[in-house]
Amino acid sequence: MSGKVFERKLNKKLERYFPGRVSVKLEKDCIRVSGELTNWEDIVKACRMCVSKDKGLHVVNDIKLMDTDIPSMKIPKETSKELEGSKPDVLIIGGGISGASIARELSKWNLNILLVEKESDLAMQASGRNDGEVHPGVDLNKGSLKQHYVLLGNKMFDKVCKELDVPFKRIGQYACFNQRYLLPILAAYAWQKKHICGVKDTRIIRGKELRKREPELNEEFVFALYNSSAGCVCPYGLTIAYAENAVQNGAKVSLNTAVLGMEVKDNEIVSVKTNKGVLYPKLIINAAGTFADDVAAMAKDRFYSIHPRKGTNSILDKKAAHLVKSIASIKTVTRKKTHTKGGGILRTVHENLLVGPNAIETYEKENFATEGKSIEEVFKKQKLTAKRLSERDIITYFTGVRAATFEEDFVIEKGRNTKNLIHCAGIQSPGLTTAPAVALDIEKMVIKELSKREIITKNENFNPIRKGIPVLREMSGEERTKMIQNNPDYGVIICRCEEISKGEIIDALNAPISVPTVDGIKRRVRPGMGRCQGGFCMPLVTQIISEHENISIHEVKKSRADSYITLGETKGGTRC
């Protein structure tokens, strides 16, 4: 079908649903949808209607959301000249799992690498607000970038997590069905996934065997689709470990650093403006999550759009952990296309149960508020998976915003109009699983591009091993005694719920990337992650930070969320 015919076909379809309000223009590198609508769901619907089967053609949303103030990106209040005039070989924008893993792989080379993150810590948005599942790839379509990278990435997790000293468990995944008539259909599906799509561990487990393995699951389940390769990891723990190993190998990480603009000349980024000065990088990697399309616009290379998708997870007390030993969820076969894996129940590496997420389209890229109805929705569904699941066991909950493209696939490629730019965008689930493999490919792309200018040599001192902070609660009595003898601070328990010692907290404050806030310490060694959620230990953690940083206890912050401002409100604009 020619471009003009395709454009006319799309405009005809849009006219039927949104008469006189929305239109399409087919450009060389994208499908640009423009107009005015008053409902965000309608905007998402209109753009989805325009998705092409051509993998290289992305939908760009230029539809204005009328009568709505859309928040702009939050940026740090602080300004300085700390980075003024810096000339990194590679500037990575974004401190999530993508940016951190790319920085670590690039540190294998003799390069000046700078990762900038606008938040006060790493993994503060989608990378730290997901369930931590390492996906097997059974629910992905063959031929997509997601499916290609999930198969590669899943296999890498044992080695990567061992090198980075991050806990990882292969606990298996059960997609459970209670309709007997679906068994032959799912058996054929399992065969296809195993023999054609490359998900080799896919098999059918009958109800009797399922109940032996998971006795607390719904007794009405007739069978389950099972993948033994599915696992779990702490998502923010892995991101921090990747970044710390990058720093140990010579990379630099600058937190509280927002990209505010770019100067582009002759299809090349000349300079990048931040709140800490103007930088002059040779090559830029766009790993900015929900703001990836904003960065692409700054670089004059916007050929895709991000439409944010919100999801809520609940974490249960460890006393409920016996309900599920793996990853489990109820599944149904439906014609409705929801663009979500549907959530489930996951046993985390820290022996809690995590329940969720749901999926809600939103125009707000940084609204992490949790609504009661989201928790109710998730629990209503997952009580069909495990009937004894109870909201009374919730100790905390959190909401994340995923960075979906309208094609529901990743954008991993060089800039189309801007030469010295590489996009790592549209990274939503299973982005955590795919990160190790994606980072290797982007490493190759970077070296290929920079080698056109100069000879790039290997970093002979590269060390892939990062030693994490010792976890005393997991040690034997003998090991613990030895640690305490060498350092009495390991014998001072600060967090009773998680059995965290003063020594572990001080280790976190002395780490390669130190974030001396209560939440920064919480994310690294878990004080405040237990049942009381910091009710006992928060004052003690605050005192330790105060003494270590030589500041007043009143100067210690829970987080640095109060240190941000909003660039402004955009009325009637687009945010996707």
Side-chain angles (χ1 to χ4, degrees), residues 9-25 30-52 57-73 125-126 129-130 289-294 297 302 304-313 332 334-343 356-378 380-381 399-409 411 425-429 569-576:
K9 183 179 178 181
L10 289 180
N11 276 312
K12 189 175 180 180
K13 187 194 295 187
L14 289 171
E15 181 64 21
R16 188 163 62 248
Y17 285 92
F18 309 103
R21 291 177 292 166
V22 181
S23 63
V24 166
K25 184 176 181 182
C30 66
I31 301 165
R32 196 169 296 278
V33 191
S34 58
E36 297 180 349
L37 292 171
T38 57
N39 182 280
W40 181 254
E41 286 73 21
D42 284 345
I43 291 178
V44 174
K45 180 180 178 180
C47 290
R48 280 184 178 157
M49 288 169 60
C50 298
V51 171
S52 168
L57 204 55
H58 296 273
V59 171
V60 172
N61 173 35
D62 279 338
I63 304 173
K64 291 183 179 181
L65 179 60
M66 300 303 293
D67 304 319
T68 302
D69 291 335
I70 301 179
S72 295
M73 183 177 74
Q125 298 205 6
R129 295 174 177 270
N130 64 79
T290 55
F291 291 101
D293 53 348
D294 297 81
R302 180 173 172 256
Y304 56 88
S305 280
I306 300 297
H307 63 105
R309 185 180 294 135
K310 194 173 179 179
T312 294
N313 288 287
T332 55
T334 173
R335 292 177 180 273
K336 187 178 179 181
K337 203 167 185 180
T338 60
H339 297 286
T340 175
K341 294 178 174 55
N358 59 344
I360 300 170
E361 297 292 343
T362 177
Y363 56 81
E364 295 181 281
K365 297 190 174 187
E366 294 182 284
N367 182 356
F368 304 121
T370 297
E371 298 177 5
K373 65 180 180 181
S374 289
I375 295 175
E376 291 171 12
E377 175 187 324
V378 168
K380 182 179 179 181
K381 179 178 181 181
T399 295
V401 182
R402 290 160 257 179
T405 63
F406 289 106
E407 296 72 35
E408 300 296 332
D409 205 0
V411 179
I427 309 298
Q428 55 165 323
S429 180
E569 303 294 326
T570 305
K571 188 164 185 176
T574 60
R575 209 67 195 107
C576 149

Distance col, row C50:SG vs K9:NZ, nearest 0.5 angstrom, shows 11.5 Å

Not counting sequence neighbours, which residues clear side-chain hydrogen bond (donor to acceptor under 3.5 Å, both in side chains) with R32? List them please. E27, D62

Gap separating the CZ atom of R48 from the NZ atom of K45, nearest 0.5 angstrom: 11.0 Å

Side-chain donor/acceptor pairs under 3.5 Å, residues 11-22, sequence neighbours excluded:
from : atom 1 : to  : atom 2 : distance (Å)
N11  : OD1    : V24 : N      : 2.7
N11  : ND2    : E7  : O      : 3.2
N11  : ND2    : V24 : O      : 3.1
K13  : NZ     : M49 : O      : 3.3
E15  : OE1    : G20 : N      : 3.1
E15  : OE2    : G20 : N      : 3.3

Taking side-chain contact (heavy atoms from CB on, under 4.5 Å) as the definition, give me every residue that meets it alongside A403, ordered by chain and number, with sequence neighbours left out. T290, I306

Going by side-chain hydrogen bond (donor to acceptor under 3.5 Å, both in side chains), name the residues that satisfy it together with D42, two or more places apart in sequence or in a different chain. none

Approximate separation, where rounding is to 0.5 Å, of D67 CG and L37 CG: 11.5 Å

Compare every heavy atom of C47 with every heavy atom of I63, then report the nearest pair and how far apart it is. CD1-SG, 4.2 Å

Which residues satisfy the side-chain hydrogen bond (donor to acceptor under 3.5 Å, both in side chains) test with E366, sequence neighbours excluded? K118, Q125

Within the side chain of T68, is there an N or O that forms a donor-acceptor pair under 3.5 Å with the backbone of M66? yes

Do you know the tightest heavy-atom contact between E407 and V51? CG-CG1, 4.2 Å

How far apart are the closest heavy atoms of L65 and W40, and which atoms are they? CD1-N, 3.7 Å

Search all heavy atoms of E361 against all heavy atoms of P308 and return the closest pair with its distance. OE1-O, 3.3 Å

With sequence neighbours excluded, residues passing side-chain hydrogen bond (donor to acceptor under 3.5 Å, both in side chains) with T399: T312, T370

Calculate, to the nearest 0.5 Å, the distance between atoms CD and CD1 belonging to E41 and I360 respectively. 9.5 Å

Look at the aromatic rings of F406 and H307 and report parallel, tilted or perpendicular, splitting at 30° and 60°. parallel

Over all heavy atoms of both residues, which pair between V401 and T362 is shortest? Give the atoms and the distance, please. CG1-CG2, 4.5 Å

I need the I31 CD1 to N61 CG distance, nearest 0.5 Å. 12.5 Å

Evaluate side-chain contact (heavy atoms from CB on, under 4.5 Å) for K365 paired with D293, printing each intermediate quantity in order. CA-CA 12 Å; K365 297 190 174 187; D293 53 348; 2.8 Å; yes

Compare all side-chain heavy atoms of V411 with those of H58 and state whether any distance is below 4.5 angstrom. yes

Shortest non-hydrogen contact between G400 and R129, atoms and distance: CA-CB, 3.6 Å

Does any part of the side chain of R402, heavy atoms only, come nearer than 4.5 Å to the side chain of P357, both counted from C-beta? yes

Between S52 and L57, is there a donor-acceptor pair closer than 3.5 Å when you use the side chain of the first and the backbone of the second? no

Just wondering, do E364 and P71 contact through their side chains at under 4.5 Å, heavy atoms? yes

